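Keep in mind the model is a prediction, meaning the values are calculated, not measured.
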Amino acid sequence: DFQAGIRLVSNCTLNRIQGNIIGLDVNADVAIPNGNCGILITGSNNNTVGGIVPGEGNTVSGNGVPAGFQRDGIRIEANHVPGRGHLDRI
């Protein structure tokens, strides 16, 4: 796939992206990459990626880039990004 695993664009607000395995199979063992970001948020504010409660964090791996965020107001907490650093704003 040449798209993002999860994509929020154009004024998507108050969403929670939690408890996902993105870019890997259901057991998080085999890469099934997205060609773009694992998570892409652009033109959308006040969204949460991950969380502090067990099970709310996302595992993001095997994608072209882990994640891309192009707006402020995005809360990023307790995500696992093996081998690719961390989730951050671009």
Side-chain angles (χ1 to χ4, degrees):
D1 168 351
F2 293 103
Q3 300 297 318
I6 295 176
R7 181 172 56 170
L8 300 178
V9 296
S10 301
N11 299 314
C12 294
T13 60
L14 302 174
N15 295 285
R16 294 179 184 267
I17 299 172
Q18 297 177 320
N20 297 286
I21 298 173
I22 303 166
L24 300 166
D25 71 351
V26 69
N27 297 314
D29 294 328
V30 177
I32 304 174
N34 296 286
N36 198 330
C37 298
I39 301 170
L40 175 64
I41 300 176
T42 182
S44 301
N45 292 321
N46 301 317
N47 293 291
T48 300
V49 179
I52 58 172
V53 174
E56 288 183 345
N58 300 287
T59 299
V60 185
S61 184
N63 301 287
V65 293
F69 305 109
Q70 297 177 337
R71 285 287 186 128
D72 291 330
I74 298 168
R75 189 175 193 175
I76 304 169
E77 299 178 312
N79 295 282
H80 180 62
V81 188
R84 293 301 300 251
H86 59 282
L87 300 178
D88 205 353
R89 291 182 179 88
I90 58 173

Task: Shortest non-hydrogen contact between Glu56 and Ile52, atoms and distance - done: OE1-N, 3.3 Å

Task: Counterpart residues, side chain to side chain donor-acceptor pair (under 3.5 Å), relative to Asn15 (two or more places apart) - done: Asn47

Open item on the list: Quick one, Ile41 and Ile17 - any side-chain contact, counting heavy atoms below 4.5 Å?
Closed with: yes

Open item on the list: Who clusters with Ile21? Use side-chain heavy atoms, under 4.5 angstrom, across I, L, V, M, F, W and Y, and order the result by chain and number.
Closed with: Leu24

Open item on the list: Distance check, rounded to the nearest 0.5 Å: Asn46 atom CG versus Leu14 atom CG?
Closed with: 6.0 Å

- [ ] Taking Asn58 for its side chain and Gly19 for its backbone only, find out whether a donor-acceptor pair lies under 3.5 Å.
- [x] yes

Task: Value rounded to 0.5 Å, distance of CZ in Arg16 from OG1 in Thr48 - done: 5.0 Å

Task: Single hit among Ile22, Val26, Asp25 for side chain to side chain contact (heavy atoms under 4.5 Å, CB included) with Ile32 - done: Asp25

Open item on the list: Looking at every non-hydrogen atom in both residues, tell me the closest pair between Ser44 and Ser10 and how far apart they are.
Closed with: OG-N, 3.6 Å

